[in-house]
Amino acid sequence: MEENSHASNFITEIIDKDLAEGRYTEVHTRFPPEPNGYLHIGHAKSICLNFGLAEKYNGKCNLRFDDTNPTKEEVEYVESIKEDIRWLGFDWEDRLYFASDYFDKLYEYAVQLIKKGKAYVDSLSGDEIREYRGTPTEPGKESPYRNRSVEENLDLFERMKNGEFKDGEHVLRAKIDMSSPNLNLRDPIMYRIRHAEHHRTGDKWCIYPMYDWAHGQSDSIEGITHSICTLEFENHRPLYDWFLDELGIHHPRQIEFARLNLSYTVMSKRKLLELVEGGYVDGWDDPRMPTISGLRRRGFTPESIRNFADRIGVAKRDNVIDLGLLEFSLREDLNKRAQRVMAVLHPLKITITNYPENVTEELDAVNNPEDPSMGKRKVPFSRELYIERADFMEDPPKKFFRLKPGGEVRLRYAYIIKCEEVVKDENGNIVELLCTYDPETKSGTGKSNKKVKGTIHWVSAHHAFEAEVRLYDRLFSVEDPAGDKEKDFKEFINPNSLEILENCKMEPFLKNAKVGDRFQFERLGYFCVDSKYTTEEKLVFNRTATLRDTWAKISKQQQKK
Ligand code: ATP
Ligand code: MG
């Protein structure tokens, strides 16, 4: 782990103080996902924070699924969440928990509050409860059922549990204060009746605890010391404190931080699900999705995501992070470790007319100039090659240093060539270039002093194999797709976010590439072998990132200001 993941911030200051004052003697955090979707980059921030704090203080971090809401597909989500956390490089050891493990305990706690006169069964309808609740500027009204006797409440609550009532007939509420300026304290609902199957408890329960009732008590049961959550729970803290104090049980300290927002992205699970179910993307792990599984398929490394989380740090105020910063963290990591290779995405054939037929030279190519220990490889060179279409212009502007009629360019690791003739088909399309090479200019031999301004990549036509390459752009064409509440965020989907190139030419080294392997295609960007569409017959590459680094440019500009 990078050293700066242990840097100080306002959260570590609070923890340091708690430890110094003896409020806690250890640090025990948890990551509490609700298994109703796949994890996204925002969750990654929370995971890095919670597991990172445990690491920094030699403490522990639990994984707890907040599965208080019975729904259908939870098992798939539970498995994907576990996989994503492990992939990020964190380990909950033997501390995998489910809020549903605590349903019995929570029921007992509720009975305790009823007995103290601090909770009651309410029989108003949902609409009435909402009406009685008041508004931020007007106090609420007490329910006519608020003063039921303890005996009656105990009896009704037990019968709720036993399944004697229909959904919505009764709820259990905390008895706090209907005129509190904090709406969360206006007798919040603790339990509702739902005759539904739960992925773990089956049909044992037909009453389910509300999130606000389950969350703090779950933290307490697990002995969590620092319960770290996002800012929207700041207003809920007085309620959590009230429950814990009334029950007189272990009291974690809750600390709120600002959630991560990223430009050109949506992060709410509901919206991500809409993209998946509507077929706008090809699943939760579509490489354009901000999900961890999408980023993984796209070619992100766990290190780059962890470094990103460190870089953005934690704050108390909401902000939006530029997507470019995530890509910057990725490039920084891949630049150091991705094997470089040559691939031609839009091939144009060239024939070197003065190079002998049926001869292949094996040229030395550097695997990664950033890391000499990665060594060299042989690249075959022959009379017929492919270069990138965009590296030739028939009628180029002045500063075009690649290939043009009569012009010269260096082929990477090989020779300087000169374009002698442009071959066209009957429609005037360029189909081939006839070139000559200068045998004295072989790279690395130092025989010739000849210099040219441009160097381009290439592959040997006879030795290359074909692969599919998928180019991605941002999924949304505006910075804040969910910002305009009048409009559906899906209207801002970028129609050109995926481009599929079928017959790209790859240097033979890539033949052994395996799913998930990452490469830098020289001059083109970072690519990785796709896990979904790659078959025995065909390799499919995802473009992970371009080489162009917009973030470095932006931060330089900002430094100048
Ligand atoms: P959504 O609003 O998309 O449904 P959620 O917050 O309800 O997300 P949970 O599964 O409850 O999703 O989140 C698990 C943990 O991850 C919570 O502790 C939550 O605070 C944290 N988390 C969720 N989104 C972000 C984010 N964008 N930035 C930082 N932490 C986040
Ligand atoms: Mg949540």
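In listed order, ligands and their atoms are each counted from 1. Computed from a predicted structure; not experimentally measured. Counting begins at 1 with the first residue of the sequence.
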Inset, instruction - May I ask you to identify, for Arg270, whether its side chain, its backbone, both or neither come under 4.0 Å of ligand 1 on a heavy-atom basis? - result: neither
Inset, instruction - Would you mind telling me if ligand 1 is within reach of the side chain of Phe233, the backbone, both or neither, using heavy atoms under 4.0 Å? - result: neither
Does an N or O from [X], backbone or side chain, lie closer than 3.5 Å to an N or O of ligand 1?
X: Gly42; answer: yes
X: Thr230; answer: yes
X: Glu34; answer: yes
X: Arg259; answer: yes
X: Pro33; answer: no

Going by the atom numbers of ligand 1, which of them fall below 4.0 Å from some non-hydrogen atom of [X]?
X: Met267; result: 3 (O)
X: Ser46; result: 16 (O), 21 (C), 30 (N)
X: Ser268; result: 3 (O)

Inset, instruction - Using the ring pair (Phe, Tyr, Trp, His ring centres under 6.0 Å) rule, pick out the option among Trp205, Phe65, Phe103 that qualifies with His198. - result: Phe103
Inset, instruction - Using a 4.5 Å cut-off on heavy atoms from C-beta on, say whether the side chain of Ile189 contacts that of Trp213. - result: no
Inset, instruction - Could you check if a side-chain atom of Phe31 sits within less than 4.5 angstrom of a side-chain atom of Asn62, using non-hydrogen atoms only? - result: no
Legend entry - Intermediate values then yes/no, side-chain hydrogen bond (donor to acceptor under 3.5 Å, both in side chains), Tyr208 and Asn69: CA-CA 7 Å; Tyr208 287 95; Asn69 204 349; over 6 Å; no
Inset, instruction - Could you tell me whether a side-chain N or O of Ser220 sits under 3.5 Å from a main-chain N or O of Ile249, the two making a donor and an acceptor? - result: no
Inset, instruction - Determine, using ring centers only, whether Phe300 and Phe308 are less than 6.0 Å apart. - result: no
Inset, instruction - Determine whether the side chains of Asp473 and Tyr264 contain a donor N or O and an acceptor N or O closer than 3.5 Å. - result: no
